[in-house]
Amino acid sequence: MTTPNTEQLHEEAIAWLLRRNDPQQAELCQAEFDEWIGRSSAHVDAYLDAEVLWQQLEAPARQVASTPVARATVIPLPQRPRRRYAQWAMAAGLVVALGAGFSVWRDPGLAVRWQADAATAPGQSHELLLADGSTLYLDNDSAVRLKLDGEKRQVDLLRGRIWLSVNHDGRPFVVSSDGAEVEVLGTRFALERWANQLQVTVEQGRVAVTAPGGAHTPDDEPLTASQRISVNGQHLQQREQVNVDTALAWRRGEVVFDQAPIAQVARQLERMTPGRVLLDPAQFTGQRLSGSFPADRPELILRALEMTQQVEGTQLTGSLLWLQKRAP
């Protein structure tokens with residue numbers, strides 16, 4: 001008889017854990033479970049390991065099960081009114097996401113990057129000299145499509161954030177993202193896309209910003225150096241003055257936080273490392289982090305969170321970091 005390897009035993013143990021915590025199956029499968037776990041001490045160890053992992057996963061499972069990515073990868077389970085079963089169903093969703101849909105769950109930008117002309121994975125950055133002489137810098141976990149021939153040059157930001165220094169050759173240069181457009185009037189500038197928000201920061205020169213619904217930059221005046229504006233859905237927010245050295249520190253390989261909420265810090269950590277960084281935002285109301293860190297040293301950010309904010313990072317699997325308040 002072939003001896004199951006460690007990975008196979010782990011998968012079998014998780015499957016048994018699911019069945020034994022399903023009120024509809026627990027009694028029916030008991031005899032089969034007794035036979036399985038009695039085969040060897042390795043089966044016992046695998047099941048005990050699964051129980052420990054399950055306890056650790058309960059809180060992050062709630063987070064994953066509520067995200068659009070998780071809903072897309074979780075195999076639906078029968079709905080029952082029992083509260084205890086609902087908790088296990090959410091945890092089961094996380095296991096499925098880490099199994100059948102592992103690649104998509106672990107790296108939500110993977111599918112977008114496949115469709116891109118230029119892209120970077122989490123923890124990577126890249127600078128390109130474009131065919132028209134312009135320079136494009138892609139930060140961690142970013143993706144763009146390029147169309148630089150013809151009468152109009154076009155860059156479509158699909159994910160992440162980019163910095164552009166545009167070469168003027170007489171043709172219009174437009175950067176778009178989810179319906180919003182940024183027309184270059186002579187500039188170095190950056191764009192960041194996150195969920196349904198687009199943020200435009202001008203380092204030098206001028207840009208005109210148009211929201212998806214057709215709204216233009218307030219007062220129809222272009223954005224100029226050291227100014228930033230956000231597009232939320234179809235709405236343009238008021239422009240604001242920013243410190244460009246701080247706002248574009250990522251362009252120099254630095255990460256700068258200025259009273260940043262912990263959720264924002266977690267988002268940045270996801271850019272810097274493969275896998276997911278999850279937390280319960282309700283635990284960290286009012287907590288903020290300030291500091292400057294090398295973009296290739298996420299462990300320094302985690303250390304700062306631990307020392308100054310009593311935030312503890314737990315590596316639950318190779319691809320899931322769970323942030324929580326340190327126990328008193």
Side-chain angles (χ1 to χ4, degrees), residues 14 17-18 21 48-71 73-74 83-98 102 105-109 122-123 140-141 192 194-197 199 246 249-250 254-328:
I14 290 291
L17 199 60
L18 280 171
N21 283 277
L48 293 176
D49 288 345
E51 286 188 322
V52 171
L53 176 62
W54 209 257
Q55 292 171 3
Q56 293 177 320
L57 289 178
E58 184 173 1
R62 296 177 181 275
Q63 294 287 356
V64 174
S66 66
T67 64
V69 171
R71 287 196 294 269
T73 57
V74 169
R83 181 180 177 186
R84 181 63 181 166
Y85 184 80
Q87 294 175 351
W88 282 101
M90 285 189 292
L94 178 55
V95 171
V96 174
L98 291 173
F102 179 78
W105 184 88
R106 176 180 182 270
D107 186 357
N140 311 144
D141 192 12
E192 177 174 359
W194 183 261
N196 67 337
Q197 178 174 297
Q199 194 172 73
T246 299
W250 53 269
E254 299 176 29
V255 175
V256 176
F257 298 115
D258 183 10
Q259 292 295 302
I262 305 303
Q264 181 182 331
V265 177
R267 184 176 78 185
Q268 176 60 42
L269 283 169
E270 274 202 352
R271 292 186 190 275
M272 300 167 68
T273 58
R276 304 297 302 274
V277 180
L278 300 177
L279 77 164
D280 179 2
Q283 284 192 9
F284 305 107
T285 304
Q287 286 186 262
R288 296 178 180 272
L289 179 69
S290 295
S292 178
F293 307 88
D296 59 351
R297 298 290 303 277
E299 72 276 8
L300 297 183
I301 297 177
L302 289 171
R303 190 180 305 167
L305 285 173
E306 182 178 358
M307 294 178 64
T308 67
Q309 303 298 317
Q310 287 71 54
V311 176
E312 184 176 19
T314 303
Q315 197 77 42
L316 298 181
T317 71
S319 299
L320 172 58
L321 177 66
W322 175 242
L323 301 182
Q324 57 189 330
K325 272 193 173 181
R326 185 192 302 158

So, for [X] and [Y], which heavy atoms are closest and what is the spacing to 0.1 Å?
X      : Y      : value
Ser290 : Gln259 : OG-N, 2.8 Å
Asp141 : Gly109 : OD1-CA, 4.3 Å
Thr273 : Pro298 : CG2-CG, 3.4 Å
Ala295 : Val255 : CA-CG2, 3.9 Å

[atom1]/[X] to [atom2]/[Y] distance, rounded to the nearest 0.5 angstrom?
X      : Y      : atom1 : atom2 : value
Phe257 : Gln268 : CZ    : CD    : 5.0 Å
Leu305 : Leu323 : CG    : CG    : 6.5 Å
Leu279 : Arg267 : CG    : CZ    : 12.5 Å
Gln324 : Leu278 : CD    : CG    : 11.5 Å
Gln264 : Ile262 : CD    : CD1   : 9.5 Å

Find out whether Val265 and Val277 are in side-chain contact, i.e. whether some heavy atom of one side chain is under 4.5 Å from a heavy atom of the other.
->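 Sidechains of Val277 and Val265: no contact.
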Any side-chain heavy-atom pair from Gln309 and Phe284 closer than 4.5 angstrom?
->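 SC-SC contact between Gln309 and Phe284 ruled out.
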So, does [X] use its side chain to make a donor-acceptor pair with the main chain of [Y] at under 3.5 Å?
X      : Y      : value
Gln310 : Arg326 : no
Ser292 : Val256 : no
Gln283 : Lys325 : yes

Kindly write out the residues that satisfy salt bridge (Lys or Arg N to Asp or Glu O under 4.0 Å) with Glu312, not counting sequence neighbours, or none if the list is empty.
->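 Glu312 satisfies salt bridge (Lys or Arg N to Asp or Glu O under 4.0 Å) with no residue once adjacent residues are dropped.
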Who pairs with Arg288 by salt bridge (Lys or Arg N to Asp or Glu O under 4.0 Å), at least two apart in sequence or on another chain?
->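 By the salt bridge (Lys or Arg N to Asp or Glu O under 4.0 Å) rule, Arg288 matches no residue at all.
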With sequence neighbours excluded, residues passing side-chain hydrogen bond (donor to acceptor under 3.5 Å, both in side chains) with [X]:
X      : value
Arg303 : none
Glu299 : Arg297
Thr246 : none
Asn140 : none

Could you go step by step and tell me if Leu289 and Val311 meet the side-chain contact (heavy atoms from CB on, under 4.5 Å) rule?
-> CA-CA 11 Å; Leu289 179 69; Val311 176; over 6 Å; no
